[in-house]
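First up is the structure itself, then whatever we jot down about it.
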Amino acid sequence: MTEGAGGGTSIDEARGPTHTGPGSQHNHFYGASEAPRPKVVPSRVAVDQRRWLQARFVPPPGFGEALHRLERPGSAVLLAGPPGSGRRTAAVMLLHDPEDPTASFVELSFSRDREDSMPPPEAGDRLLLDLSGTTEEDYGAAQQQLYGYWGRVELAGARLVAVLPSMDQELLLPALHQLVVGTGRPREVAVLRRHLEGKQLELAPEDLHGEELMASLERFAMRDMQRFADLVARARTAAPSGSASDWIRQALAALSDRSGEVAQKVASLASGQQRALLLVAALLAGASADAVFHHADRLLGLAEHTPDDQPLLERIDLAEQLKSLPLELDDRGRIDFKSLAYDEAVRTHFWTYLPWLKECLGRWVAEVVDRPHPALVTQDRRRLVERFAEQSLRTTDWRTLHRLAGEWAADPRSSDEALAVLRLGLDHDRYGAGFRSRIYEWAKGQQIPSSLATVLARACGEVLARTHPDQAVVRLHHLARRTVRDGPVAVRETLYLLVRRDRRLFQLLLGRFRDGLSAREPWTEDVQLFLELVGDPLGDPPLRGLVSGDALAATWAKVLVAAGAGQCAETVRLWLSAARTASPDNEWLTDVLVAGADAAVPDRLTALYLAGREWVTGSPWEERPGRAEVATRLWQKIDSVQGIEPVPTLRTDERTG
């Protein structure tokens, strides 16, 4: 869990590297870099995340009252509490149903953009709105939006929990005060024990009640519990024969404010070469020593540092340089720090106290990604990008990340690094909205390189869809429109896979098709997107489980008006074939075809009639009887909407049209 500036807690992966400086931590894990196609994660706040959190959750004061208020469908609760108390975590757990974990769980977000407005609530929805990072400038508008949405939640029979920012509650609208429930801090030792158990660490009670640890736990934000458990686990891995008290002591030292210690070490380094080596080692911790020394020299060059003009054999060797630094080489020739999590403290120091290096470091990271040392493996580059991004976000240098993500995404060789930046940015408590806006701008661009489109599709399908699926659909739709002719098919595949998994998202996309085809300058690309989306009406799940016949027919009508001659013929044939094989749904499918054609223009009914006739007469002889039955019912429905007598049934021995 991580706590943002507003006090909201977010849920992260339970394993991985630990960040011990100020600001949020976000852990991310990657598969093989050869996987080019986006994969779509389950939308909403993922079930596995909620289950992970449930195993570590300790109810805070006020949780029972909030839970009681949410018993009735249509209810809403606004959680208020001090920073660091884990309000977002409590909000997620209030809405999570352990007995039905796959129930609809929707995360909302405040946005002034009409396309990113909150989706309409439905019966049974569990809705989370995290306002903890909202600025005072936006707070008034966010409350107005929340107030209007509350009424819709009541009418729909949904449940809503909103996390309030930790600002003066006098700024809250009077009409919303009745919904507020105050929460406090859960029992710190209990929370820590849950996190340690998640690491398969069961410590004795006396180990968890030491005076130094208890004093520290009282100061920790709830985000620090996971970080501390990570550090204890890392200390155990480094010294498995040590004692629990030793692991705890090392973890406390790593989590403490090391700014003075690091500042003293940096001040003691007389040369820029030593400082460069210290900083690069912190950014490339765990990488090959050859790569670290090579890129330290490159940083010196970019920083316009005067080169060492001593003869090669008179220069200080690498072993001597390491003696003055808190670094060590392992038996594989990889550099790391002697003290647990010291690298994080070094990075924090340089970003905080040497801000004039930021621009140079941005150029240096871009060079490392573009021209890495041969010994710098893919995982090293990703860790470098993540560490750079974490510090940039901590020090509000998000514009540099926007620029680098765009540059890297446009080059297939650095697409993984671009995605790493977007992952961290989208998950950031404070700057996530800015990254969503940047992706929106990219998606609406006129010229979108294939590599950029693929990276954006992955960011939407793998990251944004997890928390803001409606916004992911909006951005993927814009991308698909602009790449449908000659762009990567992965964009459309991601969009279709996402909406075919969720009825609400499917209907959202159909509505966007209708709006796009009704515009003064219609998006004719939506015709192909619609036809590809509905081409298999018996897919998993079938269309009938995703959308009402009326909504599908209304979209079909818009498509027929905008489509070119014959553009829809193949889809009609596929639907008629499905109507023949899917007896429970065959009438529904032909009903939609006729209703859509009738709502379009008169000649579309004639075209549908002829398409049905061709579907029968152009088939193998043995298939004609079954096809004729479907076609006859189709024609009877066409006649019915036209108010004329039914035509005779087609004879199956007809061989021509």
Side-chain angles (χ1 to χ4, degrees), residues 1-11 22-26 76-92 107-118 127-150 160-177 179-180 182-183 221-223 351-352 355 389-402 405 421-422 424-441 463-464 467-468 470-471 474-475:
M1 295 175 290
T2 63
E3 183 92 0
T9 306
S10 63
I11 313 165
S24 299
Q25 174 192 352
H26 304 272
V77 165
L78 309 185
L79 284 186
S85 60
R87 289 162 295 157
R88 177 185 164 92
T89 300
V92 172
E107 178 158 9
L108 311 170
S109 63
F110 164 72
S111 175
R112 296 181 182 272
D113 194 305
R114 184 184 63 83
E115 284 198 282
D116 285 339
S117 59
M118 293 190 287
L127 307 163
L128 171 66
L129 176 61
D130 188 353
L131 298 177
S132 61
T134 306
T135 64
E136 191 168 335
E137 179 183 3
D138 286 335
Y139 192 38
Q143 288 184 72
Q144 293 291 345
Q145 197 172 104
L146 170 61
Y147 180 72
Y149 199 75
W150 172 29
L160 168 69
V161 176
V163 182
L164 297 179
S166 55
M167 58 180 67
D168 194 339
Q169 292 305 316
E170 291 183 1
L171 299 175
L172 190 67
L173 290 175
L176 295 175
H177 276 282
L179 303 179
V180 175
T183 63
M222 287 300 108
R223 69 175 178 272
W351 255 265
T352 302
E390 285 175 349
Q391 290 298 324
S392 297
L393 290 169
R394 185 184 64 81
T395 55
T396 72
D397 192 19
W398 48 267
R399 292 180 181 85
T400 296
L401 296 181
H402 285 186
V421 171
L422 294 178
L424 282 167
L426 288 170
D427 280 343
H428 197 270
D429 298 325
R430 182 175 179 184
Y431 298 115
F435 277 83
R436 295 196 296 270
S437 296
R438 189 67 188 96
I439 291 177
Y440 179 77
E441 294 168 4
V463 187
L464 188 56
T467 55
H468 298 82
D470 301 80
Q471 295 187 19
V474 169
R475 285 146 183 77

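For the numbers below, each heavy atom of this structure counts, side chains included, while hydrogens, waters and symmetry mates do not.
Closest approach of L78 and L146 over heavy atoms only: CD2-CD2, 3.8 Å. Closest non-hydrogen pair, R112 versus D138, comes out as NH2-OD1, 2.9 Å. For A76 against W150, the heavy-atom pair with the smallest separation is CB-CD1, 3.8 Å. Between A91 and V163, the shortest heavy-atom distance links the atoms CB-CG2, 3.6 Å. Across every non-hydrogen atom of L393 and L424, the tightest pair is CD1-O, 4.1 Å.
A heavy-atom distance below 4.5 Å is not found between the side chains of L108 and L128. Contact of the L426 side chain with the I439 side chain is registered, since non-hydrogen atoms from C-beta on lie closer than 4.5 Å. For the pair V77/L179, no side-chain contact is recorded, criterion being any heavy-atom separation below 4.5 Å from C-beta on. For the pair L129 and Y149, the minimum side-chain heavy-atom distance is 4.5 Å or more.
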**OP:** Kindly determine whether S111 and R436 satisfy side-chain contact (heavy atoms from CB on, under 4.5 Å), including the steps that lead there.
**Re:** CA-CA 10 Å; S111 175; R436 295 196 296 270; over 6 Å; no
**OP:** Take H428 and F435, measure what side-chain contact (heavy atoms from CB on, under 4.5 Å) needs, and give me the verdict at the end.
**Re:** CA-CA 9 Å; H428 197 270; F435 277 83; 5.9 Å; no
Subject >> Stepwise side-chain contact (heavy atoms from CB on, under 4.5 Å) test for D427 and V463 >> reply: CA-CA 8 Å; D427 280 343; V463 187; 3.9 Å; yes
Original post:
When you look at H177 and L172, which way does the side-chain contact (heavy atoms from CB on, under 4.5 Å) test go after all the steps?
Top reply: CA-CA 7 Å; H177 276 282; L172 190 67; 4.0 Å; yes
Subject >> Test log, rule side-chain hydrogen bond (donor to acceptor under 3.5 Å, both in side chains), inputs T396 and R430 >> reply: CA-CA 9 Å; T396 72; R430 182 175 179 184; over 6 Å; no
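Note that the CG atom of L164 and the OG atom of S132 stand 9.5 Å from one another [nearest 0.5 Å]. Atom OH of Y139 and atom CD of Q144 lie 11.5 Å apart (nearest 0.5 Å). Atom CD of E115 is separated from atom CG of D470 by 12.0 Å, given to the nearest 0.5 angstrom.
The closest donor-acceptor contact from the side chain of Q143 to the backbone of L173 lies under 3.5 Å. Distance alone, capped at 3.5 Å, places no donor-acceptor pair between the R87 side chain and the P83 backbone. In this structure, T183 contributes its side chain and A90 its backbone to no donor-acceptor pair below 3.5 Å. In terms of modelled atom types and a separation under 3.5 Å, the side chain of S85 and the main chain of G81 share no donor-acceptor contact. The closest donor-acceptor contact from the side chain of H468 to the backbone of Q471 lies at 3.5 Å or more, if one exists at all. R88 places no side-chain N or O within 3.5 Å of a backbone atom of D130 that could act as its donor or acceptor partner.
In the model, R394 has a side-chain atom that pairs as donor or acceptor with a side-chain atom of T352 under 3.5 Å.
In summary, R475 and D116 engage in a salt bridge, as defined by a charged side-chain N under 4.0 Å from a carboxylate O.
Ring planes of W398 and Y431: tilted class, angle from 30 to 60°.
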